[in-house]
**Student:** 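Would you mind keeping the following structure in view while I ask a few things?
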Protein chains: 2
Amino acid sequence: MEKKFQAIYDLLAKEIQTEKIKAGKLLPSENELTERFATSRETVRKALQLLSQNGYIQKLQGKGSVVLEQDKLPLPVSGLTSFKELSRSMSHKVETCVTSLSCKKAHGFIQQVLQCEEGAPVWELHRLRKLDGEAVIYDKDFLLEELAPGLTEEIAGDSIYDYLEQELGLSISYAKKEVVVEEAQVEDKAIMDLGSYQQLVVVRSAVYLEDTTLFQYTESKHRPDKFRFVDFARRTK
Amino acid sequence: MEKKFQAIYDLLAKEIQTEKIKAGKLLPSENELTERFATSRETVRKALQLLSQNGYIQKLQGKGSVVLEQDKLPLPVSGLTSFKELSRSMSHKVETCVTSLSCKKAHGFIQQVLQCEEGAPVWELHRLRKLDGEAVIYDKDFLLEELAPGLTEEIAGDSIYDYLEQELGLSISYAKKEVVVEEAQVEDKAIMDLGSYQQLVVVRSAVYLEDTTLFQYTESKHRPDKFRFVDFARRTK
DNA sequence: TAGCATAACTTGTATATACAAGTTATGCAA
DNA sequence: TTGCATAACTTGTATATACAAGTTATGCTA
């Protein structure tokens with residue numbers, strides 16, 4: 001059985017997305033929702049909390065839950081969205097080209113960031129991302145071989161996250177991400193359509209599994225004019 | 001009386017920060033904490049949820065709550081951190097210089113983004129941020145005059161958020177943020193120490209109050225080599 | 001000893017109840 | 001009509017209980 005609060009979340013999220021409930025309006029009260037879904041108020045509140053965290057609604061004590069504008073709504077919560085998802089929201093033609101996939105022995109920098117044994121087998125995956133025909137993003141992924149033994153070029157060309165979660169049953173838990181601007185290297189210029197750009201936006205991210213082990217390290221280089229990062233931050237404290 | 005779960009959160013967060021509880025170790029179980037704080041399990045769970053959201057711990061069903069590494073812990077949750085906070089975590093000399101503060105009548109673009117009446121009074125605040133003596137960040141803030149009537153240059157030179165929250169009692173609720181790279185304008189080059197850089201990282205953010213009204217719009221231009229954005233994303237769904 | 005079922009933990013979900021705190025509409029009184 | 005107390009909403013916090021689901025250690029059995 002699917003979790004109840006998740007089901008309520010999905011249903012309400014869809015109603016907001018399809019504008020069945022319009023922005024600016026109030027959601028039905030917690031008590032009404034409790035009755036409608038034949039559940040307890042706490043369960044409804046968990047669903048509403050999720051909606052709030054993901055930018056669908058804004059809760060106001062004493063008033064109710066206001067539905068927020070959705071047109072500019074950023075992706076779930078930045079940081080774990082794949083290129084595929086990203087392109088779905090923009091309306092562009094997207095291609096992914098695997099330029100290399102090899103299994104190497106970890107050493108030096110990679111061994112250090114992945115926190116694995118010296119010489120442990122590690123997938124090194126290079127992917128070139130094209131947006132409307134132009135090569136504008138270059139990804140280098142490093143992931144532990146023992147955790148994704150069946151990786152192939154075909155799989156890698158699709159969404160890696162989908163493969164990890166659906167096929168391997170690994171559940172990705174959280175990611176740390178850093179965004180900086182760096183000088184384009186000679187090899188970057190050879191691979192990507194950089195035009196006269198001399199700098200690249202570099203996104204480095206570490207993906208952790210549920211057991212807190214570091215699983216994947218990615219360096220993603222973006223042509224500056226095609227880079228866009230959207231973030232939705234909520235005040236917690 | 002302070003909220004109980006918040007108090008528990010503060011206490012545990014401090015213990016993690018001061019490494020009284022070390023990274024990699026498990027937190028006491030929910031039942032133990034319930035007893036220790038003489039409260040109910042749900043209250044403890046709310047505190048733990050906050051700790052998890054802010055990257056202090058990682059909850060694992062059946063095992064417990066693992067304390068995460070804190071050294072690389074990014075700022076609270078990106079998006080609402082002020083320049084002052086940012087500089088505190090890095091160890092650099094920081095200066096803020098208010099280059100202009102004026103109250104203008106809203107029109108055109110600004111009237112549109114702030115969603116206010118044509119001609120409504122709006123503060124326009126320009127600030128130059130220096131890092132170790134170099135002018136590397138230029139902020140333009142626009143905020144509704146009626147919500148911050150007593151703004152002065154002195155206040156603006158400090159942290160605006162502190163002023164809004166502590167002095168005016170306004171509670172900031174959430175912010176949308178966009179990060180892109182754009183060509184440096186002639187006036188940018190005149191104001192900032194750009195060297196040979198031709199592009200700037202531009203962060204545009206909208207700050208909302210609890211009643212979901214847009215309150216402040218900020219455009220922050222960063223010299224690319226001094227820009228760094230850190231994000232901590234947690235899988236929600 | 002080795003293997004395995006099980007007991008004893010852990011966190012996750014769902015329910016019910018009570019009252020606090022904030023907002024809004026009602027309706028009485030001046 | 002105006003003003004104000006109040007009632008009737010809303011969401012927020014705190015508590016108690018029950019069972020599900022996942023992990024780990026115990027200890028029995030072969």
Side-chain angles (χ1 to χ4, degrees), chain A residues 1-12 21 24-53 56-68 169-171 173-174 209-213 234-237, chain B residues 1-12 21 24-53 56-68 169-171 173-174 209-213 234-237:
Chain A
M1 174 190 154
E2 198 193 357
K3 293 160 206 164
K4 220 163 182 176
F5 72 85
Q6 197 102 31
I8 297 173
Y9 166 83
D10 288 337
L11 215 149
L12 291 176
I21 311 175
K25 299 281 176 185
L26 289 176
L27 232 52
S29 77
E30 295 179 354
N31 284 328
E32 282 181 75
L33 291 174
T34 299
E35 210 170 322
R36 174 169 151 194
F37 292 109
T39 180
S40 69
R41 191 174 151 221
E42 279 304 316
T43 303
V44 167
R45 282 176 64 77
K46 267 181 196 160
L48 295 185
Q49 189 186 32
L50 266 188
L51 288 170
S52 171
Q53 274 174 8
Y56 285 104
I57 64 168
Q58 164 81 358
K59 302 197 78 183
L60 298 174
Q61 184 171 4
K63 286 188 77 171
S65 298
V66 185
V67 177
L68 298 176
L170 296 175
S171 54
S173 172
Y174 61 100
L209 295 180
E210 280 211 336
D211 56 1
T212 75
T213 57
R234 180 165 293 285
R235 192 70 155 184
T236 48
K237 202 175 165 180
Chain B
M1 173 190 160
E2 198 194 359
K3 293 161 206 163
K4 219 163 183 176
F5 71 84
Q6 197 102 30
I8 297 173
Y9 166 83
D10 288 337
L11 216 149
L12 291 176
I21 310 175
K25 298 281 178 185
L26 289 176
L27 231 53
S29 78
E30 296 179 353
N31 284 328
E32 283 180 74
L33 291 173
T34 299
E35 210 171 320
R36 172 169 153 196
F37 292 109
T39 180
S40 70
R41 188 171 156 225
E42 278 305 314
T43 303
V44 167
R45 281 177 64 77
K46 268 181 195 160
L48 294 185
Q49 188 185 33
L50 266 187
L51 287 170
S52 171
Q53 273 173 8
Y56 285 104
I57 63 167
Q58 163 82 356
K59 302 197 78 184
L60 298 175
Q61 183 169 4
K63 287 189 76 171
S65 299
V66 186
V67 176
L68 298 177
L170 295 175
S171 55
S173 172
Y174 62 100
L209 295 180
E210 280 213 334
D211 56 1
T212 74
T213 58
R234 179 165 294 286
R235 190 70 154 186
T236 50
K237 202 175 165 181

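Predicted, not measured: the structure shown is a model, and the values here were computed from it. Residue numbers begin at 1 in each chain, while the letters A, B, ... track the order of the sequences.
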**Student:** Using whole Å, report how far CD of A/Q6 lies from C1' of C/dT13.
**Tutor:** 12 Å
**Student:** Provide a list of protein-nucleic acid N or O atom pairs under 3.5 angstrom, restricted to nucleotides 25-27 of chain C.
**Tutor:**
none

**Student:** Using whole Å, what does the distance between atom C1' of nucleotide C/dA14 and atom CZ of A/R45 come to?
**Tutor:** 15 Å
**Student:** Are side-chain heavy atoms of A/L33 and A/I8 found at a separation under 4.5 Å?
**Tutor:** no
**Student:** Calculate the interatomic distance between A/E35 atom CD and D/dT10 atom P; express it in whole Å.
**Tutor:** 11 Å
**Student:** With nearest nucleotide decided by heavy atoms, which residue, A/S29 or B/S40, maps closer to the 5′ end of DNA chain D?
**Tutor:** A/S29
**Student:** What is the distance, rounded to the nearest whole Å, between atom CG of B/L50 and atom P of D/dG12?
**Tutor:** 14 Å
**Student:** In terms of the nearest nucleotide of DNA chain C, which residue is placed more toward the 5' end: A/T43 or A/G62?
**Tutor:** A/T43
**Student:** Without decimals, in angstroms, what is the distance between B/E42 CD and C/dA18 P?
**Tutor:** 18 Å
**Student:** Among the nucleotides D/dA16, C/dT10, C/dA18, which one has an atom lying closest to any side-chain atom of B/E32?
**Tutor:** C/dT10
**Student:** Using Watson-Crick or G-U wobble geometry with both distances below 3.5 Å, tell me the partner of D/dT17, or none.
**Tutor:** C/dA14
**Student:** Do B/F5 and B/L50 have side-chain heavy atoms sitting under 4.5 Å apart?
**Tutor:** yes
**Student:** Can you check the A/F5 CZ to C/dA14 C1' distance for me, whole Å?
**Tutor:** 11 Å
**Student:** OH/B/Y56 to CG/B/L27 distance, rounded to the nearest 0.5 angstrom?
**Tutor:** 12.5 Å
**Student:** Across all strands shown, which nucleotide pairs with D/dT29 by Watson-Crick or G-U wobble geometry, both distances under 3.5 Å?
**Tutor:** C/dA2
**Student:** What's the NZ-P distance between B/K3 and D/dA14, to the nearest Å?
**Tutor:** 9 Å
